[in-house]
Amino acid sequence: EAQVTQNPRYLITVTGKKLTVTCSQNMNHEYMSWYRQDPGLGLRQIYYSMNVEVTDKGDVPEGYKVSRKEKRNFPLILESPSPNQTSLYFCASNKQLSYNSPLHFGNGTRLTVT
Amino acid sequence: SQQGEEDPQALSIQEGENATMNCSYKTSINNLQWYRQNSGRGLVHLILIRSNEREKHSGRLRVTLDTSKKSSSLLITASRAADTASYFCATHTGANSKLTFGKGITLSVRP
């Protein structure tokens with residue numbers, strides 16, 4: 001089944017403790033992206049990747065890192081999480097964003113930083 | 001920056017009625033897409049309309065696009081309780097740019 005898989009689904013951590021949220025897609029998509037969703041703010045893009053080893057900042061990249069060493073994986077890294085990073089995070093992929101094709105979303109990771 | 005903005009923010013209707021949701025945007029687009037999100041879950045793509053198209057249908061969904069007014073509407077006909085969800089419009093601009101989402105519309109369909 002074609003899908004985007006995020007792990008974990010829920011994560012509670014403390015300020016400053018490094019964490020990684022994994023994202024994997026099995027559709028051979030070139031484009032992958034991370035969003036965060038907050039009440040009243042909608043979805044905001046954190047980082048995106050057009051292909052392997054090509055990443056770029058979205059609208060709210062501060063406090064986050066990503067890597068794209070393989071086509072299928074696009075982990076989101078919080079080196080030193082803070083409470084304002086408490087949010088619902090989504091990974092998404094697309095064949096190529098320049099094509100007229102939709103984004104495929106993972107089921108989300110709900111992160112709480114205390 | 002917010003490109004697409006949906007209207008209304010919330011909509012409550014009776015089962016069987018039609019639901020109309022609007023999206024306005026600011027700059028030229030390549031395409032506009034509508035997504036649905038059930039509570040706390042990932043977004044699911046509903047329909048994509050290209051900038052050179054004016055109307056598209058998919059089952060009970062009808063989307064229109066008016067590039068002169070920079071607006072789009074999503075019509076769900078004969079709504080069902082299962083249509084209760086948040087709906088987002090997203091605009092794709094530029095050759096390789098990102099997809100920018102609006103803040104969403106909360107639709108409640110009462111049985």
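Naming convention: chains lettered A, B, ... in sequence-line order (proteins, then strands); numbering from 1 in each chain. Just so you know, these numbers use all the heavy atoms, side chains as well, and skip hydrogens, waters and symmetry mates.
Among residues at least two apart or in separate chains, salt bridge (Lys or Arg N to Asp or Glu O under 4.0 Å) pairs with a member in residues 71-94 of chain B are Arg60(B)-Asp83(B). Within the structure, the ring-ring contact (aromatic ring centres under 6.0 Å, His included) test picks out the following pairs touching residues 4-30 of chain A (sequence neighbours left out): His29(A)-His104(A). Among residue pairs with one or both ends in residues 74-84 of chain A, those qualifying as side chain to side chain donor-acceptor pair (under 3.5 Å) are Lys65(A)-Glu79(A), Ser82(A)-Asn84(A); sequence neighbours excluded.
Atom CD1 of Ile12(A) sits in a sparse spot, with 12 or fewer heavy atoms from other residues, nucleotides or ligands closer than 6.0 Å. The neighbour count for Gln9(B) CD, taken as heavy atoms of other residues, nucleotides or ligands under 6.0 Å away, does not exceed 12.
If you chain together hydrophobic residues whose side chains sit under 4.5 Å apart, Val4(A) and Val21(A) never meet in one group. Hydrophobic clustering, with ILVMFWY side chains joined whenever heavy atoms are under 4.5 angstrom apart, groups Leu107(B) together with Leu61(B). The same ILVMFWY cluster, assembled from side-chain heavy atoms under 4.5 Å apart, contains both Phe105(A) and Phe88(B). In terms of hydrophobic clustering, with Ile, Leu, Val, Met, Phe, Trp and Tyr side chains grouped at heavy-atom distances under 4.5 Å, Val60(A) and Phe90(A) are assigned to different clusters.
The nearest pair of heavy atoms linking Lys103(B) to Gly40(A) is CD-O, 3.4 Å.
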Full working for side chain to side chain contact (heavy atoms under 4.5 Å, CB included) between Leu99(B) and Tyr48(A):
CA-CA 10 Å; Leu99(B) 199 61; Tyr48(A) 64 96; over 6 Å; no

Under the criterion side chain to side chain contact (heavy atoms under 4.5 Å, CB included), I'd like the reasoning laid out for Leu43(B) against Leu43(A): C-alpha separation, chi angles, the key distance, then a yes or no.
CA-CA 10 Å; Leu43(B) 279 74; Leu43(A) 275 87; 4.0 Å; yes

As a quick check of understanding, evaluate side chain to side chain contact (heavy atoms under 4.5 Å, CB included) for Leu103(A) and Phe101(B), giving each step before the final call.
CA-CA 12 Å; Leu103(A) 278 176; Phe101(B) 287 82; 4.2 Å; yes

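Only the side chain of Gln37(B) comes within less than 4.5 Å of a heavy atom in chain A; its backbone stays farther off. Proximity to chain A (any heavy atom under 4.5 Å) is shown, for Arg41(B), by both the backbone and the side chain. For Gln37(A), the part sitting under 4.5 Å from any heavy atom of chain B is the side chain, from C-beta outward, and nothing else.
Contacts with chain B (heavy atom to heavy atom, under 4.5 Å) involve these residues of residues 106-114 of chain A, listed by number: Gly106(A), Asn107(A), Arg110(A).
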